[in-house]
Amino acid sequence: MALSDLGFDAPMLVALHDMLDFVDDAEKPHHPSRAYIRDTKAMKATPADIVEYPNAFHFVVDMPGLKPDQIKVQLEDGNVLVVSGERRREREKEKEEKEGVKFVRMERRFGKLLKKFVLPENTNLDKICAVCQDGVLMVIVEKKPPPEPKKPKVIEVKGAEHGEGGEGSHEVKTSRGTDEGDAVKQA
């Protein structure tokens, strides 16, 4: 059953929607806020694809009906990519209804569009770009180059000559005694 069948017309529905779209700060702490519920619904209703390439991640998000200046792309908490926008109901419909035009069906989605992505550790947060074309937003996040494998530290081995007892040389004796063959010198 549609609300229009109950006698609600489009301007009244828009006004009702706008009245209920506020954030209620006086709600009890154990109940989710309206903003939280609205954001959760928006995240579920905003389709997105994530494609991993060898050198970057591509986030493809459908943002129908939005112009590039109506879309926000930002980083939160250091590594959370947030894409948001809002598609509002056209106010022209109210004018048309006053002139006798009646909308028989309104199925297109309007409201908040939102998607959040937790970026992996290997992303370069300084190299993020976003492009919107034909209602499809593509955010490209480059990866950091893989760390170079650690090379073993090379320690030069110096030869010890017999009979030298200069500074820095140490004589190590074995438990059998002090035979000349048993003595080892370290430089």
- Query: Quick one: side-chain hydrogen bond (donor to acceptor under 3.5 Å, both in side chains) pairs with a partner in residues 133-145, sequence neighbours left out?
  - Reply: E52-K143

Enumerate donor-acceptor pairs with a distance under 3.5 Å from any side-chain N or O in residues 111-119 to protein atoms, sequence neighbours excluded.
{"residue": "K112", "atom": "NZ", "partner": "D39", "partner atom": "OD1", "Å": "2.9"}
{"residue": "K115", "atom": "NZ", "partner": "M43", "partner atom": "O", "Å": "2.9"}
{"residue": "K115", "atom": "NZ", "partner": "T46", "partner atom": "O", "Å": "3.0"}

- Message: Any heavy-atom pair between the side chains of L137 and V131 that's under 4.5 Å?
- Response: no

List the atom pairs, with distances to 0.1 Å, where a side-chain N or O of residues 55-74 and a protein N or O form a donor-acceptor pair under 3.5 Å, not counting sequence neighbours.
{"residue": "Q70", "atom": "OE1", "partner": "K67", "partner atom": "N", "Å": "2.8"}

- Under a side-chain separation threshold of 4.5 Å, the hydrophobic residues clustered together with V104 are none

- Please check if I50 and L125 belong to a single hydrophobic cluster, counting links between Ile, Leu, Val, Met, Phe, Trp and Tyr side chain heavy atoms closer than 4.5 Å. yes

- Message: Between E156 and K158, does any side-chain N to carboxylate O distance fall below 4.0 Å?
- Response: no

- For V141 and N124, what are the C-alpha separation, side-chain angles and deciding distance, and is it a side-chain contact (heavy atoms from CB on, under 4.5 Å)? CA-CA 7 Å; V141 182; N124 187 348; over 6 Å; no

- Message: According to ring pair (Phe, Tyr, Trp, His ring centres under 6.0 Å), does anything in residues 133-152 pair up with another residue at least two apart or in another chain? List the pairs.
- Response: none

- Message: The test is side-chain contact (heavy atoms from CB on, under 4.5 Å); show your working for V139 and L81 and say whether it passes.
- Response: CA-CA 9 Å; V139 181; L81 178 69; 3.8 Å; yes

- Are V80 and L75 grouped together when hydrophobic residues (ILVMFWY) are joined by side-chain heavy atoms under 4.5 angstrom apart? no

